[in-house]
Colleague: 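This is the structure I have questions about; it appears just below.
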Amino acid sequence: MERFVAECNISRFEQMLRESSDPAERHLLEELLAEERAKLNRADTAGITEPAAIF
């Protein structure tokens with residue numbers, strides 16, 4: 001789940017960054033992106049995989 005959330009956040013922050021022209025907002029988005037990419041990297045390093053779908 002952690003990996004999924006990080007990937008969704010990265011996608012959203014990248015989209016917001018493409019649309020923003022405000023320097024302060026862009027700076028915040030870049031920081032948030034860096035945090036989410038670090039989370040994703042930690043998940044990859046730890047070998048965290050998504051659980052199988054539960055039906």
Side-chain angles (χ1 to χ4, degrees):
M1 183 69 138
E2 182 179 336
R3 181 174 177 67
F4 174 75
V5 172
E7 289 173 342
C8 288
N9 286 340
I10 289 169
S11 179
R12 179 69 179 135
F13 295 151
E14 287 174 338
Q15 179 65 35
M16 292 172 72
L17 192 56
R18 283 191 292 271
E19 296 171 356
S20 176
S21 59
D22 177 54
E25 183 178 42
R26 291 182 60 80
H27 180 72
L28 176 61
L29 289 167
E30 289 167 352
E31 288 179 350
L32 292 170
L33 263 172
E35 289 176 19
E36 291 302 317
R37 288 177 175 150
K39 287 180 190 177
L40 188 57
N41 188 37
R42 284 192 300 271
D44 287 344
T45 301
I48 297 173
T49 59
E50 295 302 315
I54 299 173
F55 295 95

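What you see is a predicted model; the values in this text were computed from it and never measured. Just so you know, these numbers use all the heavy atoms, side chains as well, and skip hydrogens, waters and symmetry mates. Heads up: numbering here begins at 1 and tracks the sequence.
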Colleague: Rounded to the nearest 0.5 Å, what's the gap from CZ on F4 to CG on L40? Could you check?
Modeller: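 Separation between the atoms: 12.5 Å.
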Colleague: Indicate the atoms forming the closest heavy-atom contact of L17 with L33, along with that distance.
Modeller: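 In this case the closest contact between L17 and L33 is CD2-CD1, 3.8 Å.
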Colleague: Please name all residues satisfying salt bridge (Lys or Arg N to Asp or Glu O under 4.0 Å) with E14, sequence neighbours left out, ordered by chain then number.
Modeller: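 Result, salt bridge (Lys or Arg N to Asp or Glu O under 4.0 Å) vs E14: R37.
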Colleague: Any salt bridge (charged side-chain N to carboxylate O under 4.0 Å, His left out) involving residues 18-36? Give me the pairs, sequence neighbours left out, ordered by first then second residue.
Modeller: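 Qualifying pairs: E36-K39.
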Colleague: Measuring from atom CD of Q15 to atom CG of L29, what distance do you get when rounded to the nearest 0.5 angstrom?
Modeller: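 Going from CD on Q15 over to CG on L29, the span is 11.0 Å.
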Colleague: Would you confirm whether S11, through its side chain, and E7, through its main-chain N or O, come within 3.5 Å as a donor-acceptor pair?
Modeller: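 Absent.
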